[in-house]
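What follows is a set of notes on a single structure, which appears directly below.
Residue numbers count from 1 along this sequence.
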Amino acid sequence: MVMSKPIACSRMYNLSPRIRGLWDALFALVSLHSGVELEIIGHPAPAPLSALWARPDMGAVFMCGYPFSRMPQAARPTALAAAVSSEAWSVDQPLYASHILVASTGPLSAVEDLATARWGWTVRDSQSGYHAARSYLAGTMKQSTTVGPLLNPSGIVAALKDGRIDAGAIDAYAFQLLSLHERDAIDGLRILATTDPLPAPLLVAAQTLPADIATALQRSLVTLHETPEGAAALERLGLRRFSAVAPSAYDILPQRADDADRRLGISW
């Protein structure tokens with residue numbers, strides 16, 4: 001039986017062709033340094049992320065921590081590593097946050113205004129685009145005017161720019177990438193608040209991937225910053241390094257989501 005190549009995919013952070021090219025270059029280095037021949041794919045929207053995460057040939061694929069945490073432990077893919085951003089909200093750990101964005105000339109000028117804002121959300125299994133905002137607003141939101149699903153950060157940005165929503169939360173690392181490489185995309189928007197840092201999306205491999213291959217990919221990821229070409233590839237993506245993560249670190253995410261459901265008190 002001929003085994004297919006393991007796939008690598010940065011779909012969660014494929015925010016533009018330019019940014020995808022930087023990820024593809026990084027994955028090429030991971031492939032080279034690990035000795036594992038990877039097939040780098042795009043899996044572009046609107047193809048569902050759930051279909052990507054169900055593939056038995058995952059080698060290094062970004063996965064949101066919330067759906068990962070909701071899976072039974074025996075069914076979870078293998079956790080390889082998570083990225084450490086160079087931004088202050090990461091506190092130099094494999095953490096991320098969500099920025100709550102508003103239009104620079106829109107009706108919201110203070111955090112207190114968020115309680116009655118028209119909110120946009122991405123998908124209900126997203127930590128950064130759905131659950132982070134719900135946790136932030138729990139106990140303060142006065143009404144449930146929401147617009148969604150808007151699918152991804154680009155959908156939130158578009159809805160803010162055309163006035164369909166007043167506020168929306170997007171992955172702070174996605175915002176960092178746009179700030180670095182696609183400034184025009186976020187012109188006219190500003191950050192009104194930033195949520196608490198939590199475990200960042202992680203690169204995962206399928207459980208069926210042989211253990212020695214998964215180990216080689218993980219080792220390549222967490223040592224990438226030690227090589228000049230790896231450090232340069234990471235810097236272009238606004239990263240310091242990749243860090244190994246414990247799957248149990250993500251158990252906090254459903255706990256916070258369930259708590260927000262209880263405290264929010266309104267349908268969303």
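- Phe242 places a side-chain heavy atom less than 4.5 Å from the side chain of Leu26.
- Separating the CG atom in Leu239 from the CG atom in Leu177 is a distance of 7.5 Å, to the nearest 0.5 Å.
- Counting heavy atoms from C-beta on, the side chains of Trp121 and Thr146 come closer than 4.5 Å.
- Taking the side chain as every heavy atom from C-beta outward, Glu39 and Ile41 approach each other to under 4.5 Å.
- One N or O on the side chain of His131 and one on the backbone of Arg124 form a donor-acceptor pair closer than 3.5 Å.
- Side-chain contact of Tyr13 with Asp171: a donor-acceptor pair under 3.5 Å is present, judged by distance alone.
- For the pair Pro149 and Val123, the tightest heavy-atom approach, listed with the atom from each and the gap, is CB-CG1, 4.3 Å.
- Arg118 contributes a side-chain N or O that, together with a main-chain N or O of Gly163, makes up a donor-acceptor pair within less than 3.5 Å.
- For the atom pair Ser154 OG and Ile170 CD1, the distance stands at 8.0 Å (nearest 0.5 Å).
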Quiz item: Are Leu114 and Leu192 close enough, and set up right, to give a side chain to side chain contact (heavy atoms under 4.5 Å, CB included), and what steps lead you there?
Solution: CA-CA 9 Å; Leu114 294 171; Leu192 192 60; 3.8 Å; yes
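- Contact annotation: the side chain of Phe68 never approaches that of Gln127 to less than 4.5 Å [non-hydrogen atoms, C-beta and beyond].
- Proximity of a side-chain donor or acceptor of Arg11 to a complementary backbone N or O of His43 within less than 3.5 Å is detected.
- For the pair Ile7 and Arg55, the minimum side-chain heavy-atom distance is below 4.5 Å.
- Of the charged side-chain nitrogens involved, at least one lies within less than 4.0 Å of a carboxylate oxygen, so that Asp92 and Arg240 count as a salt-bridged pair.
- Residues Leu52 and Cys9 meet the side-chain proximity criterion, which asks for heavy atoms closer than 4.5 Å.
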Quiz prompt | Test salt bridge (Lys or Arg N to Asp or Glu O under 4.0 Å) applied to Arg262 and Asp258, step by step | solution = CA-CA 7 Å; Arg262 290 190 293 269; Asp258 293 346; 5.6 Å; no
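- Within the model, atoms CG of Leu189 and CG of Leu178 stand 10.0 Å from one another, a figure rounded to the nearest 0.5 Å.
- Taking the side chain as every heavy atom from C-beta outward, Met71 and Pro77 approach each other to under 4.5 Å.
- Going from atom CG of Leu217 over to atom CG of Leu209 covers 6.5 Å, rounded to the nearest 0.5 Å.
- Between Arg76 and Asp251, at least one side-chain nitrogen of the basic residue sits less than 4.0 Å from a carboxylate oxygen of the acidic one, meeting the salt-bridge criterion.
- Between Ile19 and Asn14, the closest side-chain pair of non-hydrogen atoms is not below 4.5 Å.
- Using a 3.5 Å distance cut-off with no hydrogens or angles, the side chains of Thr140 and Glu112 do not pair a donor with an acceptor.
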Practice problem: Could you walk me through whether Tyr173 and Tyr96 pass ring pair (Phe, Tyr, Trp, His ring centres under 6.0 Å), step by step? | Solution: CA-CA 7 Å; Tyr173 177 57; Tyr96 80 144; 9.0 Å; no
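- Side-chain rings of Phe62 and Trp23 approach one another, their centers coming within less than 6.0 Å.
- The backbone N or O of Ala132 sits nowhere less than 3.5 Å from a side-chain atom of Ser135 that would complete a donor-acceptor pair.
- Side-chain atoms of Ser98 come within 3.5 Å of backbone atoms of Ser128 as a donor-acceptor pair (strictly under, hydrogens ignored).
- Without hydrogens or angle criteria, Lys161 side chain to Ala185 main chain gives a donor-acceptor distance under 3.5 Å.
- Without hydrogens or angle criteria, Ser220 side chain to Val30 main chain gives a donor-acceptor distance under 3.5 Å.
- When atom types are taken as modelled, the side chain of Asp259 and the backbone of Gln255 share no donor-acceptor pair closer than 3.5 angstrom.
- In summary, Arg219 and Asp212 do not engage in a salt bridge, as defined by a charged side-chain N under 4.0 Å from a carboxylate O.
- Under a 3.5 Å cut-off, the side chain of Ser90 and the backbone N or O of Glu87 do form a donor-acceptor pair.
- Counted by atom type alone, Gln93 and Ser243 present zero donor-acceptor pairs between their side chains at under 3.5 Å.
- A distance of 4.5 Å separates CD1 in Ile156 from CG in Leu150, rounded to the nearest 0.5 Å.
- Enclosure of atom CD in Glu37 is not indicated, since only 12 or fewer non-hydrogen atoms of other residues, nucleotides or ligands lie within 6.0 angstrom.
- Residues His33 and Glu229 have side chains that bring a donor and an acceptor to within less than 3.5 angstrom of each other.
- Of the possible polar contacts, none joining the Thr223 side chain to the Glu226 backbone as a donor-acceptor pair under 3.5 Å is found.
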